[in-house]
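Single-structure report; data block below.
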Amino acid sequence: MALPTTDAKLFACSQSTELANSIASYYGIPLGNVITSTYSDGEFQPSFEESVRGARVFIIGSTHPSSDHLMEMLLMLDAAKRASARHITAVMPYFGWARQDRKDKPRVPIAAKLIAKMLEAAGATRIITMDLHADQIQGFFERPVDHLFASTVFLPHLKALNLDNLTIASPDMGGSKRAYAYSKALESDVVICYKQRAKANVISHMELIGDVTGKNVVLVDDMVDTAGTLTKAADVMMERGALSVRAICTHPVLSGSAYERIQNSKLEELIVTDSIPLREKCDKIKVVSCAELFADVMRSVHENASISSKFLM
C-alpha cells in the first residue's frame with residue numbers, strides 16, 4: 001500500500017454537519033474548524049480557521065435544495081483552492097439537480113452538467129458521491145468521480161430482515177437496472193411498475209409488470225421526493241395480493257406532504273440513508289447510516305488504495 005503524501009483534513013458544510021461528524025468519527029480525526037459569516041441580506045462567507053496548505057481536503061456536503069447548499073460547497077471549494085490545499089475532494093452524498101441530466105424537452109438546461117463544471121471551476125479535484133440519479137452524470141466531469149452504491153449498506157440490512165418470498169420491485173422503468181442488481185444479490189424475483197405522469201411529481205396511471213401475490217415486496221429507488229410514486233406502488237401491490245411492501249430509497253428528499261403520505265400509506269417501512277437529514281420524525285422511516293462507507297472510501301483515496309471492494313453493484 002502506498003503511503004499518504006499529505007495530511008488529510010475533513011470539513012463540513014452546514015447542511016451536513018451531523019453526517020460529517022459521523023464520517024469523521026469513523027475516519028478517526030476531528031472535523032476541521034469552519035466559521036460561516038452571514039450578512040444581513042443573506043450573503044454568507046465560509047472561512048477555514050486552520051491552515052490547509054499542502055493538505056488533502058475533504059469537504060462534506062449534500063447539495064439538496066435550497067441552492068444555498070450548492071453555493072456553500074462552491075465557496076468552500078474556492079476557499080480551499082485559494083488557501084493552497086493540494087487535493088480538494090467534494091464529498092457529496094447527495095448530488096442535487098441530478099434529475100436534469102438531459103434535455104427532455106426544448107429550451108431547458110442540463111443542470112447536472114452545469115453543476116459538474118461549476119464544481120471543477122471552484123477547485124474540486126475529485127468527487128465522491130452516492131447513487132446518482134443517472135450513472136452517466138459521471139461523464140460530465142473531467143475529474144475523477146467515485147460513484148458509491150448504497151447497496152453496500154442496504155443489502156446487509158435487507159438480509160437481516162429474513163423475509164420469506166422476497167421480491168424486489170422498481171417503482172418505474174428507469175430503476176429496473178438497480179432492482180435487477182438487488183435481486184441478483186438476494187436471489188429473489190423482480191417486478192416493475194410502469195407509470196405515466198401528468199406532470200412532474202403527479203402520476204396519472206400505474207401498472208404492475210410481474211406477480212406479487214403472497215410476496216414480501218421491497219421497492220428500491222435512488223431517492224424519494226414527494227413519495228407519490230412509492231405510496232401509489234404500495235397501494236397497487238397490496239391490491240394485487242402482496243403480503244407486505246417496504247421501500248429502500250437512498251436519498252430522503254421528502255418534500256411537500258411526503259411525510260404525511262408515508263405515515264398514512266400501506267408501506268410497512270421506508271429505509272433511507274442519512275445522506276440528507278430528515279426534517280421530521282416518522283414512525284415508518286428507518287435511517288441506515290452511510291458514514292462508515294464514506295469514511296472507508298475517503299481513507300482509501302487518501303492512502304492511494306483501491307476502493308473496488310466498496311462497489312457491490
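Because the structure is a prediction, the values reported are computed rather than measured.
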Going by heavy atoms in the side chains, are Ile115 and Thr63 under 4.5 Å from each other? no
Within-4.5 Å side-chain heavy-atom neighbours: Asp283 and Gln263: yes
Salt bridge between Arg299 and Asp296, side-chain N to carboxylate O under 4.0 Å? yes
So with a 6.0 Å cut-off around CE of Met71, is the heavy-atom count from everything else above 12? no
Minimal heavy-atom distance between Leu186 and Lys159, with the atoms involved, is CD2-CG, 3.7 Å
Non-hydrogen side-chain atoms of Leu254 and Ile285 separated by less than 4.5 Å: yes
Within-4.5 Å side-chain heavy-atom neighbours: Leu270 and Val224: yes
Is there side-chain contact between Leu166 and Glu187, with at least one heavy-atom pair below 4.5 Å? no
Could you check whether the rings of Tyr27 and Phe58 sit parallel, tilted or perpendicular, using 30° and 60° as the cut-offs? tilted
Is the shortest side-chain N to carboxylate O distance from Asp225 to Arg99 below 4.0 Å? yes
Nearest 0.5 Å, please: how far is CG in Asn165 from OG in Ser188? 11.0 Å
Closest non-hydrogen atom pair, Ala12 against Ala20: CB-CB, 3.3 Å
Side chains of Met130 and Phe149: does their closest heavy-atom pair fall under 4.5 Å? no
May I ask you to decide whether Lys177 forms a salt bridge with Asp135, counting only side-chain N to carboxylate O separations under 4.0 Å? yes
Look at the side-chain heavy atoms of Ile, Leu, Val, Met, Phe, Trp and Tyr, link any pair under 4.5 Å apart, and say whether Met73 and Val145 land in one connected group. yes
Are Leu114 and Ile127 linked, directly or through other ILVMFWY residues, by side chains that come within less than 4.5 angstrom of each other? yes
Which other residues end up in the same hydrophobic cluster as Met223, if Ile, Leu, Val, Met, Phe, Trp and Tyr are linked when side-chain heavy atoms come under 4.5 Å apart? Tyr94, Val253, Ile276
If I compare all heavy atoms of Arg56 with all of Thr89, which pair ends up nearest, and what's the gap? NH1-OG1, 4.5 Å
Qualifying residues under ring pair (Phe, Tyr, Trp, His ring centres under 6.0 Å), relative to Phe48, sequence neighbours excluded: Phe11
In terms of side-chain geometry, is the basic nitrogen of Glu269 or Lys286 positioned less than 4.0 Å from the acidic oxygen of its partner? no
Can Asp146 and Arg126 be counted as an ion pair, charged N to O under 4.0 angstrom? yes
Checking side-chain polar atoms at under 3.5 Å, does Glu18 have a donor or acceptor matched by the opposite partner on Ser16? no
Neighbour count above 12 (heavy atom, 6.0 Å) for Glu50 CD: yes
Any donor-acceptor N or O pair under 3.5 Å, side chains Ser275, His251: yes
Compare every heavy atom of Gln100 with every heavy atom of Pro109, then report the nearest pair and how far apart it is. CG-OE1, 3.6 Å
Do the side chains of Leu267 and Leu208 join up, straight or via other hydrophobic residues, at under 4.5 Å, putting them in one cluster? yes
Could you see if Leu31 belongs to whatever hydrophobic cluster contains Tyr26? Use Ile, Leu, Val, Met, Phe, Trp, Tyr and a side-chain cutoff under 4.5 Å. no
Working note: Trp97 + Leu70, criterion side-chain contact (heavy atoms from CB on, under 4.5 Å); need CA distance, chi angles, decisive distance, verdict. CA-CA 10 Å; Trp97 285 269; Leu70 172 62; 4.1 Å; yes
Start with the C-alpha distance between Lys184 and Tyr180, add both sets of side-chain angles, then the distance that settles side-chain contact (heavy atoms from CB on, under 4.5 Å), and finish with yes or no. CA-CA 6 Å; Lys184 183 178 179 180; Tyr180 279 114; over 6 Å; no
Please report the shortest heavy-atom distance between Met76 and Cys13, naming the atom on each side. SD-SG, 3.7 Å
Got a donor-acceptor contact below 3.5 angstrom from the Ser265 side chain to the Ala234 backbone? no
Take Ile209 and Met173, measure what side-chain contact (heavy atoms from CB on, under 4.5 Å) needs, and give me the verdict at the end. CA-CA 10 Å; Ile209 303 172; Met173 301 297 287; 4.2 Å; yes
Using the salt bridge (charged side-chain N to carboxylate O under 4.0 Å, His left out) rule, take Asp189 and Lys215 through it: C-alpha gap first, then chi angles, then the decisive distance, then the call. CA-CA 10 Å; Asp189 295 332; Lys215 304 286 188 179; 3.3 Å; yes
Which residue pairs pass the ring-ring contact (aromatic ring centres under 6.0 Å, His included) test with at least one member in residues 159-178, sequence neighbours excluded? none
Looking at Lys284 and Glu268, is any side-chain nitrogen of the basic one under 4.0 Å from a carboxylate oxygen of the acidic one? no
Please determine whether side-chain contact (heavy atoms from CB on, under 4.5 Å) holds for the pair Arg102 and Ile110, giving the CA-CA distance in whole Å, both sets of side-chain angles, and the decisive distance to 0.1 Å. CA-CA 5 Å; Arg102 66 196 185 282; Ile110 303 179; 5.5 Å; no
Exercise: do Thr38 and Glu43 side chains pair donor with acceptor under 3.5 Å: no
Minimum side-chain heavy-atom gap Leu158-Ile248 below 4.5 Å: yes
Is Val301 reachable from Met92 through a run of I, L, V, M, F, W or Y residues, each pair having side-chain heavy atoms under 4.5 Å apart? no
List the atom of Phe95, the atom of Leu119, and the distance in Å for their closest heavy-atom pair. CE1-CD1, 3.9 Å
Side-chain touch Val217/Arg246, heavy atoms, less than 4.5 angstrom: no
Is the side chain of Asn216 donor-acceptor paired with the backbone N or O of Asp164 at a distance under 3.5 Å, no angle test? yes
Is the number of heavy atoms from other residues, nucleotides or ligands under 6.0 Å of Lys281 NZ greater than 12? no
